[in-house]
Amino acid sequence: MDSPTDDRSTERFKIQRYRPGSCKDEIDPVIVESPVEIRLVFGPLEKRRGKSLAITMRTPGYDFELAIGFLISENIVSKPDDILSISHVGTIAESEVHSNIVRVELSPKTAFHIEKLQRHFYVTSSCGICGKASLDSIRAQGVQPITEDFELDPNWILKLPQRLRNHQPLFQLTGGNHAAAIIDFSSEEMWVQEDVGRHNAVDKVVGSHFLANNFPLSGNVLAVSGRASFELVQKALMVKIPMMVSVGAPSSLAIELAREFHLTLVGFNSGQRMNIYSGEHRIRLA
C-alpha cells in the first residue's frame with residue numbers, strides 16, 4: 001500500500017536556482033512541516049480525564065495513523081479494542097482540511113496510568129538527550145525479546161532501499177522527507193508512508209496496519225530511508241517486528257537495544273553492500 005501524495009504535503013516557493021554560469025528564478029516544491037497535537041481521553045465513562053500527550057512536527061496527512069503509531073510505541077495501546085474513537089478537534093486553520101489536534105479516546109476497559117507515563121517519558125536523540133535510562137525504560141515496559149525464527153536471502157534485503165525509493169513520490173518531488181515501509185517477507189506485500197520526520201513515518205505505517213487490523217507485525221521487516229536510531233528500534237520491538245533495515249548508520253544505543261532484544265538490525269544498506277549489527281542468524285550468509 002503506497003502513501004498517496006496530498007495537496008497539503010507540499011508548498012511551492014519562488015527560489016533562485018544557481019548553476020555554474022547561470023542563476024534563474026524557478027518555482028520549487030518543498031515538503032510541508034507543521035505541528036499536530038495528540039490528546040488522550042481515558043478513564044471510566046463516569047469520570048473521563050483528558051491529557052495532551054505530545055506535539056510533533058509532521059507532514060500533514062495520515063494524522064490518525066501517526067497518533068495510533070505513537071500510542072503503540074509508548075505502550076499505551078496494543079489492540080484495536082483499546083480505542084473507543086479517534087477524531088480531529090478544535091479550530092481548522094485557513095488552508096487546512098482538518099484541525100491540527102487529534103483526540104484519541106481510550107476504551108474505559110483500557111488500563112492507563114498517567115503517572116507511569118510521565119515517569120517513564122524520555123527525550124530521544126533527535127531532540128537532544130538519550131542514554132542508558134532509555135534502555136531501562138524499555139525494560140520497564142515488559143518488552144519481550146524477539147523469538148521468531150526465519151532466514152532471508154541477503155539479496156532480497158539488498159533490494160529494499162530501491163523498492164522503498166520506488167514508493168516515495170513526495171521524496172521524488174521534494175527530496176525533503178523520510179520514508180518507512182513494512183514488508184511481509186512471505187507475501188511481499190509492502191506498506192509505505194512518508195513524512196518530514198523519520199519517527200513519524202514509522203508511526204504512520206505502523207498505525208496504518210493497526211487500523212487495518214493487520215496486527216501484530218511479526219513476519220514483517222521494517223525498512224527506513226534514514227539512519228537507525230534508538231527510538232526506531234524501540235518502535236519495531238513494540239510491534240514485534242523481528243528485522244529492521246536502514247539505509248543509514250545505526251546509533252550505539254540502537255545496536256545495544258537490538259542485541260539485547262534479539263532484533264536483526266541491518267544498516268548502511270546501499271543496495272550493493274550492508275552491515276549486520278545483530279541477529280545475523282535470520283540472514284542466509286552461507
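The residues of the chain are indexed from 1 along the displayed sequence.
- The shortest non-hydrogen separation linking Leu265 to Pro250 is CD2-CB, 4.1 Å.
- Heavy atoms only, all atoms of each residue included: Pro44 and Pro108 are closest at CA-CB, 4.3 Å.
- Between Asn220 and Phe185 the shortest side-chain heavy-atom distance does not fall below 4.5 Å.
- Val36 and Ile55 fall into different hydrophobic clusters, where Ile, Leu, Val, Met, Phe, Trp and Tyr are joined by side-chain heavy atoms under 4.5 Å apart, directly or via other members.
- Here Phe261 contributes atom CZ and Lys240 contributes atom NZ; the two are 11.0 Å apart, rounded to the nearest 0.5 Å.
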Checking side chain to side chain contact (heavy atoms under 4.5 Å, CB included) for the pair Gln16/Lys24: CA distance, chi angles, key distance, verdict?
CA-CA 5 Å; Gln16 288 72 50; Lys24 57 183 179 179; over 6 Å; no
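- Arg17 is not listed as a side-chain neighbour of Ser22, based on a closest heavy-atom distance of 4.5 Å or more.
- Between the Glu148 side chain and the Gly219 main chain, a donor and an acceptor come within less than 3.5 Å of each other.
- Salt-bridge formation is not detected for the pair Glu37/Arg103: no Lys NZ or Arg NE/NH1/NH2 atom is positioned less than 4.0 Å from an Asp or Glu carboxylate oxygen.
- Formation of a donor-acceptor pair under 3.5 Å by the Ser99 side chain with backbone atoms of Val89 is found in this model.
- Between Asp203 and Ser73, some side-chain heavy-atom pair lies under the 4.5 Å cut-off.
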Before you tell me yes or no, could you show the steps for Leu152 and Met243 under side chain to side chain contact (heavy atoms under 4.5 Å, CB included), namely the whole-Å CA-CA distance, both residues' side-chain angles and the distance that decides it to 0.1 Å?
CA-CA 10 Å; Leu152 295 182; Met243 180 182 291; 3.9 Å; yes
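- In this structure, a donor-acceptor pair under 3.5 Å is present between the side chains of Glu189 and Trp191.
- Taking the side chain as every heavy atom from C-beta outward, Lys235 and Val206 never approach each other to under 4.5 Å.
- With Thr10 contributing its side chain and Pro29 its backbone, the two residues share no donor-acceptor pair below 3.5 Å.
- Shown here for Ser78 and Phe210, the closest heavy-atom pair between the two residues is C-CE1, 3.9 Å.
- Within the 3.5 Å criterion, the main-chain N or O of Leu106 finds no donor-acceptor partner in the side chain of Thr110.
- Looking at Asp153 and Ile283, their side chains never come closer than 4.5 Å, going by heavy atoms from C-beta outward.
- In the hydrophobic clustering of this structure, Leu222 groups with Phe230; members are Ile, Leu, Val, Met, Phe, Trp, Tyr whose side-chain heavy atoms approach within less than 4.5 Å, directly or through other members.
- In this structure the side chain of Val205 reaches within 4.5 angstrom of the side chain of Ile182, judged on heavy atoms.
- Remark: Ile38 CD1 to Asp63 CG distance equals 8.5 Å, nearest 0.5 Å.
- In this structure, His262 NE2 and His281 NE2 are separated by 8.0 Å, a value rounded to the nearest 0.5 Å.
- Placement of Val233 and Phe70 within a single hydrophobic cluster is found when ILVMFWY residues are connected by side-chain heavy-atom separations under 4.5 Å, directly or transitively.
- Although no hydrogens or angles enter the test, the distance criterion places a donor-acceptor pair under 3.5 Å between the side chain of Gln172 and the main chain of Arg165.
- No path of Ile, Leu, Val, Met, Phe, Trp and Tyr side chains, each step under 4.5 Å between heavy atoms, connects Val32 with Ile101, placing them in separate hydrophobic clusters.
- Between His88 and Phe64, the ring center distance clears the sub-6.0 Å criterion.
- No donor-acceptor contact under 3.5 angstrom links the side chains of His178 and Asp195, judged on distance only.
- Annotation: the span from Ser52 atom OG to Arg39 atom CZ amounts to 6.5 Å, rounded to 0.5 Å.
- Under the 4.5 Å side-chain heavy-atom criterion for Ile, Leu, Val, Met, Phe, Trp and Tyr, Leu40 and Ile68 are members of the same hydrophobic cluster.
- In this structure, CG on Asn269 lies 10.0 Å from CD1 on Ile276, to the nearest 0.5 angstrom.
- Ionic pairing of Glu26 and Lys14 is not present here: no N-O contact between side-chain nitrogen and carboxylate oxygen is shorter than 4.0 angstrom.
- Contact record, Leu263 with Ile241: CD1-O, 3.2 Å, taken as the closest heavy-atom pair.
- Under 4.0 Å is where a charged nitrogen must lie from a carboxylate oxygen, and between Lys109 and Asp82 no such pair does.
- With hydrogens and angles left out, the side-chain atoms of Arg282 and Thr264 include a donor and acceptor closer than 3.5 Å.
- Taking both residues in full, the closest heavy atoms of His167 and Glu194 are given as O-OE1, 4.3 Å, listed atom of the first, atom of the second, then distance.
- Under 3.5 Å, the side chains of Gln168 and Ser225 contain no donor-acceptor pair of N or O atoms.
- Side-chain atoms of Arg58 come within 3.5 Å of backbone atoms of Pro35 as a donor-acceptor pair (strictly under, hydrogens ignored).
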Audit row: Val104, Val41, side chain to side chain contact (heavy atoms under 4.5 Å, CB included) steps and yes/no:
CA-CA 6 Å; Val104 181; Val41 176; over 6 Å; no
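- Glu151 and Arg284 are joined by a salt bridge, as a carboxylate oxygen and a charged side-chain nitrogen come within less than 4.0 angstrom of each other.
- Using a 4.5 Å cut-off on side-chain heavy atoms (C-beta onward), Val245 and Val224 make no contact.
- Side chain of Thr59 to main chain of Ser9: no donor-acceptor pair is present (N/O by atom type, distance under 3.5 Å, no hydrogens or angles).
- Closest approach of Ser278 and Ala258 over heavy atoms only: OG-CB, 3.4 Å.
- Rounding to the nearest 0.5 Å places OH of Tyr277 at 12.0 Å from CE of Met244.
- Between Gln234 and Ser229, the closest side-chain pair of non-hydrogen atoms is not below 4.5 Å.
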Which is it for Arg163 and Glu188 under the salt bridge (charged side-chain N to carboxylate O under 4.0 Å, His left out) test, yes or no, and what are the steps along the way?
CA-CA 11 Å; Arg163 290 183 63 184; Glu188 294 289 334; 2.9 Å; yes
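- With respect to Arg12 and Asp28, no salt bridge is recorded, no charged nitrogen being found less than 4.0 Å from a carboxylate O.
- Counted by atom type alone, Arg227 and Ser251 present zero donor-acceptor pairs between their side chains at under 3.5 Å.
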With side chain to side chain contact (heavy atoms under 4.5 Å, CB included) as the test, would you mind laying out the steps for Asn275 and Val266 before giving the verdict?
CA-CA 6 Å; Asn275 293 345; Val266 173; over 6 Å; no
